[in-house]
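Predicted model only: the values in this text are computed from it and were never measured. Whatever order the structure lists ligands and atoms in, that order sets their numbers, starting from 1. Numbers for residues simply follow the sequence, beginning at 1.
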Amino acid sequence: MALPKRVTLCEMGPRDGLQNETRLVSTDDKIAYIDLLSQTGLTEIEVTSFVNPKAIPQLADAAEVFARIERRPGVRYPVLVPNIKGYQRARAAGADAIAVFTAASEEFTRRNINMTIQESLETFRDVVIAAKRDGVHVRGYISTAFGSPFGDEITPHTVTQLARELMTMGCDELSIGDTIGVGVPNQVEEIAAPLLREFGSEAVALHFHDTRGTALANIYAALQLGVHRFDSSAGGLGGCPYAPGATGNVGTEDVLYMLHTMGIHTGIDLAKIRAASRFIASRLGHPIESRVYTALEAANA
Ligand code: COA
Ligand code: ZN
């Protein structure tokens with residue numbers, strides 16, 4: 001199959017990225033970071049989470065961040081919502097796109113959101129029904145789809161079943177996550193091909209963490225299947241505090257470098273992403289993981 005000519009990236013830095021940072025980033029800095037990302041040509045930026053602030057203290061300022069960012073026309077700004085309370089908070093702050101999140105691992109789901117997978121589906125059904133009534137766009141995450149941090153077995157069938165549940169309740173798109181970065185390319189085909197057949201490529205995004213260095217190989221495998229929607233994080237920030245050993249998302253710079261050099265368009269300016277990463281790096285107190293970011297900085301290019 002010919003590779004897609006154009007790819008859409010959903011930027012994870014402000015949410016999946018910052019949620020894993022121990023040093024608290026000020027609200028003003030988060031807003032400045034998101035505003036920089038809004039100027040890069042990105043069309044989807046996940047801004048924050050309306051979860052229990054005790055679960056993710058870094059994102060306790062979600063309402064203020066959301067209310068004060070500059071929302072560019074043509075850019076979607078989803079926020080993570082775990083339940084109806086989060087939905088109401090998100091709507092009160094002005095959100096018109098949300099993401100709900102379940103997982104293929106029972107143990108991860110329990111630790112992450114204190115629910116069984118079945119309970120999470122019931123919780124999200126109410127959220128998605130409310131969102132559809134309100135004209136809110138909904139993405140549905142399936143985390144740990146490529147492997148569980150707790151050793152429970154994950155099969156492509158489990159992922160397909162969950163995807164059906166999420167799409168049937170009204171999600172507009174799915175994001176299938178390799179939360180702990182264990183996935184390999186043949187697995188991408190096993191997991192993504194049935195989803196593409198059933199829901200079409202507009203409805204399927206893939207979300208890779210680069211913990212074991214397989215994220216770009218997985219993206220290439222996915223491109224060959226016709227996947228043209230991916231999540232990535234500026235600078236390669238990210239991880240989940242509830243998934244031991246999880247490191248960052250694949251770096252937006254790394255994905256852009258590969259895609260652009262292959263002649264695949266994104267509409268996103270790599271130099272501007274790098275500027276946003278450089279800004280947030282100065283606030284985090286540790287080096288940035290993206291290979292391409294690091295290479296460009298070293299070359300002073
Ligand atoms: N926003 C703010 N506060 C919330 C909330 C929300 N969306 N949902 C629940 N809370 C508060 C409740 O009001 C309650 O507060 P209290 O302690 O002051 O009474 C407290 O959280 C516990 O509520 P409960 O309904 O019993 O939730 P829980 O303890 O079973 O936790 C979640 C469930 C989903 C709220 C929590 O696990 C969570 O927020 N997880 C998110 C984890 C995450 O973001 N992971 C990273 C993404 S991969
Ligand atoms: Zn993630």
Side-chain H-bond candidate by donor/acceptor type, [X] with [Y], under 3.5 Å:
X	Y	answer
D178	H207	no
D269	T40	no
S175	D231	yes

Problem set entry | side chain to side chain donor-acceptor pair (under 3.5 Å) involving Y77 - partner list, sequence neighbours excluded | S38
Donor-acceptor list for residues 180-188 side chains, cut-off 3.5 Å, not counting sequence neighbours:
from : atom 1 : to   : atom 2 : distance (Å)
Q187 : OE1    : V184 : N      : 3.2
Q187 : NE2    : F146 : O      : 2.9

Would you mind listing each N/O atom of ligand 1 next to any protein N/O under 3.5 Å, plus the distance?
from     : atom 1 : to   : atom 2 : distance (Å)
ligand 1 : 1 (N)  : V51  : O      : 3.2
ligand 1 : 1 (N)  : R89  : NH1    : 2.8
ligand 1 : 7 (N)  : F50  : O      : 3.0
ligand 1 : 7 (N)  : N83  : OD1    : 3.0
ligand 1 : 7 (N)  : G86  : N      : 3.2
ligand 1 : 8 (N)  : N83  : ND2    : 2.9
ligand 1 : 13 (O) : K85  : NZ     : 2.8
ligand 1 : 21 (O) : N52  : ND2    : 2.8
ligand 1 : 30 (O) : N114 : ND2    : 2.7
ligand 1 : 37 (O) : N112 : O      : 3.4
ligand 1 : 39 (O) : N52  : N      : 2.8
ligand 1 : 40 (N) : N112 : O      : 3.1
ligand 1 : 45 (N) : N112 : OD1    : 2.8

For this session: Determine, for F150 and R111, whether the Lys NZ or Arg CZ falls below 6.0 Å from the six-membered ring centre while staying within 45 degrees of the axis.
Result: yes
Problem set entry | Any side-chain heavy-atom pair of F108 and S143 under 4.5 Å |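 Sidechains of S143 and F108: in contact.
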Exercise. Are the charged groups of E107 and R110 less than 4.0 angstrom apart, N to O?
Worked result: yes
Problem set entry | Side-chain ion pair, D96 and R71, N-O less than 4.0 Å | yes
For this session: Can you check the number of protein N/O/S atoms within less than 2.8 Å of the Zn ion (ligand 2)?
Result: 3
